[in-house]
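Written out below as structure tokens is the structure these notes cover.
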Amino acid sequence: MDERYMAEQVEREAQRFWEQAQSFRATEDSSRPKFYCLSMFPYPSGRLHMGHVRNYTLGDVISRCRRMQGFNVLQPMGWDAFGLPAENAAVQNGVAPAQWTYANISYMRDQLKRLGFAYDWSREIATCRPEYYRWEQWFFTRLYRKGLAYRATAPVNWCPKDQTVLANEQVIDGRCWRCDTVVERREIPQWFLRITQYADELLADLSNLPGWPERVATMQKNWIGRSEGVEIRFEVNGYGPLTVFTTRPDTLMGVTYLAVAAEHPLATAATAGRAELLRFRDECRLSQTAEAAFETMEKRGVDTGLRATHPLTGAELPVYAANFVLMSYGEGAVMAVPAHDERDFAFARRYALPVSPVIMPLDFAGDPEALVTDAAYTGPGRMVNSGAFTGLPSEEARARITEVLERKGVGTRRVHFRLRDWGVSRQRYWGTPIPMIHCPHCGIVPVPDRDLPVRLPEDVVITQSASPLKGRPDFLHATCPDCGGPAERETDTFDTFMESSWYYARYCAQDNDHAMLDARVGHWLPVDQYIGGIEHAILHLLYARFFNKLLRDEGLVSGGEPFVRLLTQGMVLKDGSKMSKSKGNTVDPQALIDQYGADTARLFMMFAAPPEQSLEWNDEAVAGAHRFLKRLWALAKSIEGLPKPATKTASADHTAVRGQIHILVDQAVRDYERYHFNTVVAACMSVVNLLQKLLEEPASESSVGLLREGLSFVLRLLAPIVPHITHVLWGTLGLGDGAVIDAPWPEVDPAALRQDVVRLVVQVNGKRRGEIVVPVHSDTAEIEERALRDEAVSRSLEGKSVTKVVVVPGRLINIVAATTTTTLP
RNA sequence: GCCCGAGUGGCGAAAUAGGUAGACGCAAGGGACUUAAAAUCCCUCGGUCGUAAGGCUGUGCCGGUUCGAGUCCGGCCUCGGGCACCA
């Protein structure tokens, strides 16, 4: 054993052992309970960043811990390899996206291996490989035949100068990031998946996910946004019926105008001879597609000149084209009630439209008009100015008005979702080709199974941000599978969320080249523990849940949910904000590994903060983590030479220390189950501190026994976190027969935890005044008497009379006392 | 704009079910060892008053519940994250 801790050497030795023993190769062995632990696979951006190191260390700690507990663990790794950065890099450096991506994968794989993660590398996946995406194409054609995939138009950001579609991140202040041209919104035909058909199930199943953080479930719930309401048909003069959706039928009597999206057919119909309306529609085309931009922009509109009739009062209402109404949500038209809706209110004030209150809060007695002079009232209350409904509570009016509308045949109860169908088309090169053929005779025809995969050509030169696929005759030209005539291939590719929606299942059948999935998914799925960033709380996790249900309905998997338990790790911060290239505050993990080794990197990540919280980067604290490993090494070194004691039990003079150690170990074992790895490390540090003190005593059979017992605990507890150093020290000290990863998980000795006396804090009126030591099984009266006898306690009770005594067993005793002296002024 | 989350020493944090606030570590200050430095080890370390014993005060702010609140409830403030073409 080396005098000093030399991380690189230690880590090489441990990794060679795991490699030779094939320690992490997972087989479908049913003799042990399975545990599928999955970390979100990375985008191969070039180098690992701190977020990856944190994510993958967490997954590895959980995997290794479960393995030691006797589970048959599967922990795979792969690459989310399609995406925009590869194209940007290609434009910048003149390297083909494929070449760039494969080089990145190769470098990052080495980094992961250097960190000692217990992956089954034989199951590695790269989503840009045809062996992977062919099954996605295959599955998509199944969905198309079932009617779950369809084509419709949807808005995109369009740069008129570059003649290309831009991602939201490529639009900066409404302009193209490359040429600074003002970006337009354009409607183009795209492919969609009918996720809305699964909206109810996706919502309902959230309550079957107790292993998910509450907040992720809440975010998804809000995202799905189920709302119950009524569709109301307004008759519009010279246009016909206009359907609006509202969740507030109780406010119907307060409607003072209607608003439709600028691209609504009604608005188009009304543009004839109205230049202002045309101009407005063109302006709206310039607005961005992101919700944040949409919600914060100024609410504006133009009168279409058309007039609608109120279905109950017969009143004439103006119809506006407005920029705050989305064509893609609901009916693309709303009824506006400025008195009871903030947005309608702001709009009405701007265009001097009437505000007519119909609901008053119960505690409001004044003039209803006065209620809504400054802002809308959005709460419940009693109906006013509402004809037959006046005087009713608004909740009741909601039902009554709905009934009346239904009876008159102008209203229908409906459930709407905020969730929209998933647009999966991307007008980009570096993605999975959408397996569809456009035939001039037969229309859209899916590529037959025998012609899959539709391969993405990798030998391309990207000069513009536009997709090179349109300019490749070898890709573009196809033969129609139905009529055999000349046809064209679809040049759009899939949203990369498609690949990441089913990779967790493919790991189980990674080598199958004649089916998407096979019986092995039945052995491993669902994923027992999924770990990734909170930034994926909605989209990725919702799409993956959706895909799991699609796979189930195709008979490919059996369960309804893919991830039993979810851990969302916090971000890695530097100087209080997220590490990012644009902020220039990144720290390269490679430098950390080179200087201190993988174990220090892993230890720091686990110790600095609990998993769910953000983690503040700190160079000095990293050095501190390294220092602990050196102390651990030195401690083991000093025990190495001591003769092994014959008996394991500590003698009487060590029962107190042994008790303390067992309490700490007990704590650490329970903290593992809570995933509080930072306090596991803290407990291990405390044990090491105790053992170091013990080492100062002259060595005895008892002290050496306890040193070996304590170290055996610490090494096993730390093995999942710092696997290399613990592997080597475990072997050197001969603490078990095999390697530490095969050692049994620590169990404390209940006898060591038993205590004869207990320390109780004594409070007077809730303030700490003293401390007493009493036998463990003392009764309340005994404790009370001892507490009152305590000197400090009796001093603070002078001039007071005890009114009540609260005894919390094993914890404290609180004496409640009132001042008896009444002579105070 | 909407949704979600977080605020505890100089810093990262701990406090499991409402019961000793600050475990563990970092930084800082003092000391030991050394020709010197590095490394290592020992001591101090929320604020404040006090020579000390000890007291007062303290978990973003205001209020409430309770014998007792960092923890529960109501109302604010600040910061961070997500918002459908970044992944």
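FYI, side chains are in, hydrogens and waters are out, and symmetry mates aren't considered; it's all heavy atoms of this structure.
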Subject >> B:C73 and B:G5, which share atom name P, separated by this distance in whole Å >> reply: 12 Å
Subject >> Heavy-atom protein contacts under 4.0 Å, nucleotides 70-79 of chain B, coded B base, S sugar-phosphate only, - none >> reply: ----------
Subject >> Pairing partner (Watson-Crick or G-U wobble, both distances under 3.5 angstrom) of B:U40 >> reply: B:A32
Original post:
A:N814 near the nucleic acid: base, sugar-phosphate alone, or nothing, with a heavy-atom cut-off under 4.0 Å?
Top reply: base
Original post:
Which of these nucleotides, B:C86, B:A84, B:G5, is closest to any side-chain atom of A:R215?
Top reply: B:G5
Original post:
With a 4.0 Å cut-off on heavy atoms, is A:V761 in touch with a base, just the backbone sugar-phosphate, or nothing at all?
Top reply: base
Original post:
Looking across every strand, which nucleic acid part, if any, lies under 4.0 Å from A:W422 by heavy atom: base, sugar-phosphate, or nothing?
Top reply: nothing
**OP:** Identify the nucleotide, in any strand shown, that forms a Watson-Crick or G-U wobble pair with B:G9, with both distances under 3.5 Å; if there is none, say none.
**Re:** none
**OP:** Looking at every strand, decide which applies to A:P610 at a 4.0 Å heavy-atom threshold: base, sugar-phosphate, or nothing.
**Re:** sugar-phosphate
**OP:** Take the angle between the ring planes of A:Y5 and A:W633 and call it parallel below 30°, perpendicular above 60°, tilted in between.
**Re:** tilted
Original post:
So what does A:R674 hit on the nucleic acid, given a heavy-atom distance under 4.0 Å: a base, only sugar-phosphate, or nothing?
Top reply: sugar-phosphate
**OP:** Could you tell me whether A:S500 contacts a base, only the sugar-phosphate backbone, or nothing, with contacts defined as non-hydrogen atoms closer than 4.0 Å?
**Re:** nothing
Original post:
Checking all strands, does A:R811 fall into the base, sugar-phosphate, or nothing category for heavy-atom contacts under 4.0 angstrom?
Top reply: sugar-phosphate
Original post:
Nearest to the side chain of A:V816, which nucleotide is it out of B:C85, B:C4, B:C67?
Top reply: B:C67
Original post:
Quick one: is A:T496 getting a side-chain N or O under 4.0 Å of the B:A87 phosphate, OP1 or OP2?
Top reply: yes
Original post:
Of A:P42 and A:L615, whose closest RNA chain B nucleotide lies nearer the 5' terminus?
Top reply: A:L615
Original post:
Which is true for A:F628 with a 4.0 Å heavy-atom rule: it touches a base, it touches only sugar-phosphate, or it touches nothing?
Top reply: nothing
Subject >> Side chain of A:L812 - closest among B:G82, B:G19, B:C86 >> reply: B:G19
Original post:
Looking for any heavy atom pair under 4.0 Å, which part of the strands does A:A608 touch: base, sugar-phosphate only, or nothing?
Top reply: sugar-phosphate
Original post:
Glycosidic conformation of B:G9, syn or anti, with 90° from 0 as the boundary?
Top reply: syn
Original post:
Is there a Watson-Crick or G-U wobble partner for B:G1 with both distances under 3.5 Å, and if so, which one is it?
Top reply: B:C83
Original post:
So which nucleotide does B:G58 pair with, by the Watson-Crick or G-U wobble rule with both distances under 3.5 Å?
Top reply: none
**OP:** Give a yes or no on whether the backbone of A:L203 and the side-chain of A:Q220 come within a donor-acceptor separation of less than 3.5 Å.
**Re:** no
Original post:
Is B:A21 paired to anything, Watson-Crick or G-U wobble with both distances less than 3.5 Å, and if yes, which nucleotide?
Top reply: none
Original post:
Going 5' to 3' along nucleotides 42-55 of chain B, which nucleotides have protein heavy atoms under 4.0 Å from the base (write B), which only from the sugar-phosphate (write S), and which from neither (write -)?
Top reply: -------------S
**OP:** Anything under 30° is parallel, anything over 60° is perpendicular, the rest tilted; go ahead and classify A:F192 against A:Y150.
**Re:** parallel
Subject >> Nucleotide opposite B:U66 in a Watson-Crick or G-U pair, distances under 3.5 Å >> reply: none
Original post:
Between A:W617 and A:F604, what is the ring plane arrangement, given parallel below 30°, perpendicular above 60°, and tilted in between?
Top reply: perpendicular
Original post:
For the residue pair A:Y503 and A:F41, does the interplanar ring angle fall in the parallel (under 30°), tilted (30 to 60°) or perpendicular (over 60°) class?
Top reply: parallel
**OP:** Determine: side-chain N/O of A:Q613 to OP1/OP2 of B:A13, distance under 4.0 Å, yes or no.
**Re:** yes
Original post:
So what does A:H536 hit on the nucleic acid, given a heavy-atom distance under 4.0 Å: a base, only sugar-phosphate, or nothing?
Top reply: base
Original post:
Between A:Y56 and A:H52, what is the ring plane arrangement, given parallel below 30°, perpendicular above 60°, and tilted in between?
Top reply: parallel
Original post:
Within a strict 4.5 Å, meaning less than it, do heavy atoms of the A:T586 and A:K574 side chains meet?
Top reply: no
**OP:** Would you classify A:V156 as touching base, sugar-phosphate or nothing, given that sugar-phosphate means primed atoms plus P, OP1 and OP2, and contacts are heavy atoms under 4.0 Å?
**Re:** base
Original post:
Between B:C85, B:U16, B:U57, which one does the side chain of A:K767 approach most closely?
Top reply: B:U57
**OP:** Quick one: label A:Q190 by what it contacts on the DNA or RNA (base, sugar-phosphate, nothing), any heavy atom closer than 4.0 Å.
**Re:** base
For nucleotides 23-32 of chain B, tabulate all protein N/O to nucleotide N/O atom pairs closer than 3.5 Å, reporting atom names and distance.
unit_1	atom_1	unit_2	atom_2	d
B:G25	OP1	A:N689	ND2	3.1
B:C26	OP1	A:R627	NE	3.3
B:C26	OP1	A:R627	NH2	2.7
B:A27	OP2	A:R627	NH2	3.3

